[in-house]
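The structure under discussion appears below in the form of structure tokens.
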Amino acid sequence: MKNIDSYTHVRGESIYLDDIPLLEGSLFAAVYDSPVAHGKIISIDISAAAQMTGVAGIFTAKDIPGENQIGGIVPDEELLAGEHVHFCGMPIVLVVATSEEIARAAAKKIKVNIEPLAVITDPREAWAKGELIIPPRTFQLGDTANAFTSCEFIFDGRADTNGQEHLYIETQGAYSLPLENGGIRIYSSTQGPTAVQRTAARVLGLSMNKLEVDTTRLGGGFGGKEDQATTWGVLCALATYHLKKPVKFSLHRMEDMRMTGKRHPYSSDFKIGLDKDLKILAYEVTFFQNAGAAADLSPAVMERTLFHCTNSYFVPNVKATAYSCRTHLPPNTAFRGFGGPQGMFVIEAAIAKAAEELNIPASRIQERNLLHSGDEFPYGQIAESEANECWKETDRLYQIDTLRKEIESFNSKNRLLKKGMALMPICFGISFTKTLMNQARSLVHVYTDGTVGISTGAVEMGQGVNTKILQVAAEIFSISPDKIKINPTNTWRIANTSPSAASATADLNGKATEIACREILKRLQAVAKEECIPVAYIGKTEIPPLEVKDEWIFINGKKTDWSWAKLVMAAYTKRVSLSELAHYTPPNIHYDQKKEKGHPFAYHVYGTAIISVTVDCLRGIYETDSVKVVHDFGKSMNTLIDMGQCEGGIVQGIGWMTMEEIVYDKEGKLRSNALSTYKVPDIYSVPKEILVQPLNTAKDNLAIFRSKAVGEPPLMYGIGAYFALRNAVHSFNPLAKIPFDTPMTPEKILMALYSNVNTPVALAD
Ligand code: MTE
Ligand code: HPA
Ligand code: MOS
């Protein structure tokens with residue numbers, strides 16, 4: 001089934017925040033944000049701005065009626081800077097005016113005197129100064145110190161990954177309006193409507209039931225709107241609270257890039273030990289996470305880095321420690337993979353380093369150490385599926401050795417073009433790492449004409465969750481999809497929702513929908529038993545099998561003259577409830593943070609990719625030739641959507657690893673602050689070929705209709721692009737010294753190609 005949004009998308013009729021018709025008298029917001037990364041606010045002069053015609057209100061931290069606090073996990077983030085600023089782009093003053101232009105012009109006239117303080121942008125420096133967001137955490141399995149003594153080979157090194165700009169097509173924004181009795185409705189482009197509601201209540205000193213947050217869909221979120229959409233929703237609500245007027249704030253791209261956090265950059269140290277058969281016996285890793293100026297979601301992201309620090313491998317002795325380091329950058333936040341990719345990169349770097357030193361393909365070490373059923377993850381959960389199934393299928397389908405030989409043959413014939421390939425197995429845990437967040441509700445109404453309306457906490461952001469939820473209802477009720485409508489996500493219909501994140505949205509909200517639909521169906525079947533039994537059976541105890549199928553009632557396999565709609569009307573007439581609110585939580589997940597052991601994930605998603613690239617060794621530029629994947633979808637309930645998620649995730653992952661380069665200067669100012677200075681993959685840089693073969697397994701799992709979560713895992717295939725490029729560079733210059741430092745931009749490739757040789761030019765002669 002096609003994504004139900006495709007019809008309105010291609011016609012430009014889908015409703016995003018900017019498509020909501022504005023009420024008369026609506027005002028527009030802008031902010032004055034800090035030009036300094038760290039400093040003490042000495043004075044704020046709003047006089048010139050206040051005198052501008054059209055300016056309706058100017059608000060600072062002093063105008064916050066409740067708590068000036070938006071921190072979700074740790075209360076360490078002010079909505080508007082009070083005494084200090086902690087990052088460039090931190091909102092200080094909110095300006096509201098009759099037009100966007102006036103609001104922004106007025107913001108420019110505000111003068112804030114800030115006494116600069118020392119700026120830290122590097123996580124290792126923050127760590128050395130004791131600037132930690134939360135105490136460090138360590139995951140441990142076995143005894144690494146002891147295991148290293150019996151290793152044949154030991155390698156250590158450092159690996160760095162940079163951040164990543166979310167670049168959702170729709171920038172952050174919100175629109176709020178006053179309701180009666182002091183209530184406020186906030187239309188918010190958020191992945192977490194409840195977070196906006198809860199935080200607005202806290203900041204405004206209102207009870208949560210006065211705040212209605214409504215979200216039709218997002219033009220992408222990618223994690224960037226899990227927490228950081230809240231700021232804009234709450235700022236609008238603050239202005240509405242004071243002015244009793246509708247207020248809209250839709251960020252310009254450069255404002256969005258400057259003021260919001262990104263994927264966390266990490267700097268890490270690793271040490272890996274192998275025996276003579278290439279079995280990894282021990283792995284130690286220390287992660288320095290660049291959290292930015294406030295916690296935001298960093299503690300949870302850091303936790304997932306630890307969960308995924310051994311990727312798809314079984315390592316019997318592991319010690320992984322992570323530090324969440326406070327720097328003066330915008331608070332970094334969720335981004336597809338949620339810290340997992342950063343953890344996986346480091347073990348892949350460790351394996352690559354070992355392979356390079358031993359002069360063997362990394363894939364030999366990778367394959368030798370893949371997880372098997374029954375293996376224990378460092379956090380205590382036991383693997384239930386085999387990572388090597390996907391690997392074996394990848395090899396069978398795409399012939400790893402043949403591909404390698406083709407590349408070797410190409411490279412031996414070409415001097416200035418070199419190909420490289422890498423394998424990238426993935427293993428990603430599905431569930432929010434915070435166990436309590438794994439809950440969802442679905443409210444299903446069947447109307448008397450037989451149509452169905454569904455509300456859940458799921459937010460549609462392009463990933464197709466609404467289509468999947470609709471499919472659930474269509475399947476359970478056995479009615480046509482066009483009889484079903486998924487409603488905008490709204491905190492008055494569905495309360496206390498978890499954000500749409502962790503790839504678990506369809507599982508959680510889909511299962512709640514399944515329960516609600518089954519409950520209603522049960523009632524309808526009871527009505528059918530009473531109402532549509534043929535006369536011959538009346539009074540008999542044996543009732544023939546009855547089925548509601550394809551919008552008709554079947555008795556004994558025969559279609560009756562009872563339609564779905566007639567049955568629904570009969571139930572209504574008999575005063576049977578046609579609505580249900582169901583609650584779902586996945587069974588058997590738990591985690592003990594004191595022991596750092598448990599069973600945090602409902603299940604894991606596996607897969608293996610082969611990535612092939614070609615490097616132009618004169619210019620340092622490159623192309624991705626192909627990405628060939630075997631991916632574990634479970635039993636995909638929507639192949640079109642799931643393939644789309646794979647392709648999008650792969651390209652996004654390759655972008656992170658190769659070209660997207662976030663640059664902050666030493667003063668903490670974002671230099672890559674526009675699309676002219678921050679390069680994302682375009683149609684010319686996507687792989688020439690992406691093949692995704694589903695691994696068909698009949699195994700049971702906890703996914704909705706056994707269709708495993710797909711939102712984040714494919715991004716991690718992109719990590720292979722870095723290692724493929726590295727291999728290509730090494731085949732040009734075997735002595736090349738290449739730090740594990742992403743993104744692998746053309747500039748860095750060029751430097752690497754001619755590194756560590758006395759006469760660089762001779763290489764290209
Ligand atoms: N796909 C699109 N088109 N747009 C998005 O914003 N977000 C990703 C992924 N795929 C995203 C996307 C992220 S970060 C997550 S966690 C999941 O979708 C969230 O949706 P799901 O839980 O329904 O998979
Ligand atoms: N993934 C995404 N978002 C989250 C998670 C997670 O595991 N935990 C808390 N927020
Ligand atoms: Mo996704 S990073 O969990 O929003």
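Whatever order the structure lists them in is the order used to number ligands and atoms, beginning at 1. Just so you know, these numbers come straight off a predicted model, no measurement behind them.
- In terms of protein heavy-atom proximity, atom 19 (C) of ligand 1 is nearest to Met461 CE, 3.5 Å.
- The nearest heavy-atom contact from the protein to atom 7 (O) of ligand 2 is Arg304 NH2, 3.0 Å.
- Set against the non-hydrogen atoms of Gly220, the atoms of ligand 1 under 4.0 Å away are 6 (O).
- Checked by atom type, the side-chain pair Arg336/Gln652 shows a donor-acceptor distance below 3.5 Å.
- Remark: minimum distance from atom 5 (C) of ligand 2 to any protein heavy atom is reached at Phe338 CE2, 3.3 Å.
- Within the 4.0 Å heavy-atom cutoff, Gly648 does not count among the residues contacting ligand 1.
- Atoms of ligand 1 found under 4.0 Å from any heavy atom of Ala502 (numbered from 1 in listed order, with element): 16 (S).
- Aromatic ring centres of Phe377 and Phe139: separated by at least 6.0 Å.
- Comparing His166, Arg336, Lys225 by heavy-atom distance to atom 14 (S) of ligand 1, the nearest is Arg336.
- Atom 22 (O) of ligand 1 has its nearest heavy-atom neighbour, among Thr505, Ile430, Asn509, Asn3, in Thr505.
- With Tyr16 as the aromatic partner, Arg217 meets the cation-pi criteria of under 6.0 angstrom to the ring centre and within 45 degrees of the ring axis.
- Ligand 1 places these atoms under 4.0 Å from at least one heavy atom of Gly223: 14 (S).
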How far apart are the C-alpha atoms of Gln471 and Asn638, what are their side-chain angles, what is the distance that settles it, and do they pass the side chain to side chain donor-acceptor pair (under 3.5 Å) test?
CA-CA 9 Å; Gln471 282 181 272; Asn638 192 315; 3.1 Å; yes
Please evaluate residues His308 and Phe428 with respect to the criterion ring pair (Phe, Tyr, Trp, His ring centres under 6.0 Å), reporting the C-alpha separation (whole Å), side-chain torsions for both, the decisive distance (0.1 Å), and the verdict.
CA-CA 7 Å; His308 296 309; Phe428 196 75; 4.8 Å; yes
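- Every N/O-N/O distance between Val465 and ligand 1 stays at or above 3.5 Å.
- Looking at Ala334 against ligand 1, nothing comes within 4.0 Å, counting heavy atoms.
- Short contacts between ligand 1 and Gly711, defined as distances under 4.0 Å to a heavy atom of the residue, involve ligand atoms 9 (C), 10 (N), 18 (O), 24 (O).
- No more than 12 heavy atoms of other residues, nucleotides or ligands sit less than 6.0 Å from atom NZ of Lys2.
- Considering only non-hydrogen atoms, atom 3 (O) of ligand 3 lies nearest to Ala502 out of Gly221, Gly224, Ala502.
- Looking at Tyr678 and Glu660, their side chains do bring a donor and an acceptor atom within 3.5 Å of each other.
- Residue-level proximity to ligand 1 for Gln191 is absent, since no heavy atom of it falls below 4.0 angstrom.
- If you look at Glu226 next to ligand 3, the close heavy atoms, those under 4.0 Å, all belong to the side chain.
- Considering Lys225, Gln191, Arg304 only, the shortest heavy-atom separation from atom 4 (O) of ligand 3 involves Gln191.
- The protein atom (non-hydrogen) at minimum distance from atom 8 (N) of ligand 2 is Thr433 OG1, 3.5 Å.
- Within the structure, the closest approach of Ala501 to ligand 1 falls below 4.0 Å when heavy atoms are considered.
- The distance criterion of under 3.5 Å between nitrogen or oxygen atoms is met by Gln645 with respect to ligand 1.
- For ligand 1 and Gly462, the ligand atoms under 4.0 Å from any heavy atom of the residue are 2 (C), 3 (N).
- Judged by distance alone, with hydrogens and angles left aside, the side-chain atoms of Thr305 form a donor-acceptor pair with the main-chain N or O of Gly339 at under 3.5 Å.
- Shortest non-hydrogen contact noted between Leu211 and Gln197 is O-NE2, 3.2 Å.
- Looking from atom 3 (N) of ligand 2 to the surrounding protein, the closest heavy atom is Glu226 OE2, 2.9 Å.
- The option with the heavy atom closest to atom 9 (C) of ligand 2, from among Met437, Lys434, Glu712, is Met437.
- Stacking of Arg11 on the aromatic ring of Tyr7 is recorded, both the 6.0 Å distance cut-off and the 45° axial limit being met.
- With hydrogens and angles disregarded, no donor-acceptor distance shorter than 3.5 Å links the side chain of Arg518 to the backbone of Ile476.
- Looking from atom 1 (Mo) of ligand 3 to the surrounding protein, the closest heavy atom is Glu712 OE2, 3.7 Å.
- Using cut-offs of 30° and 60° on the angle between ring planes, the pair Phe601 and His604 is perpendicular.
- Atom numbering of ligand 3 starts at 1 in the shown order; those under 4.0 Å from a heavy atom of Arg336 are 2 (S).
- Of the residues listed (Pro123, Ser298, Pro135, Pro136), the one engaging Ser324 in a side-chain contact (heavy atoms from CB on, under 4.5 Å) is Ser298, and it is the only one.
- Ligand 3 places these atoms under 4.0 Å from at least one heavy atom of Phe335: 2 (S).
- The N/O atoms of Gly221, backbone and side chain alike, include one that comes under 3.5 Å of an N/O atom in ligand 1.
- Looking only at distances, no side-chain donor or acceptor of Asp256 sits under 3.5 Å from a matching main-chain atom of Leu251.
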Please test Tyr606 against Phe633 for ring pair (Phe, Tyr, Trp, His ring centres under 6.0 Å), starting from the C-alpha separation and ending with a verdict.
CA-CA 8 Å; Tyr606 294 93; Phe633 292 96; over 10 Å; no
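- Cation-pi contact between Lys597 and Tyr379: absent, since separation from the ring centre below 6.0 Å together with deviation from the ring axis within 45° is not met.
- Side-chain contact, Gln439 with Thr585: no donor N or O sits under 3.5 Å from an acceptor N or O.
- The protein heavy-atom contact nearest to atom 5 (C) of ligand 1 is Phe222 CE2, 3.2 Å.
- Remark: ligand 3 atoms within the under-4.0 Å shell around heavy atoms of Ala501 are 3 (O), 4 (O).
- Within ligand 3, the atoms closer than 4.0 Å to a non-hydrogen atom of Gly223 are 2 (S), 4 (O), numbered from 1 in the order shown.
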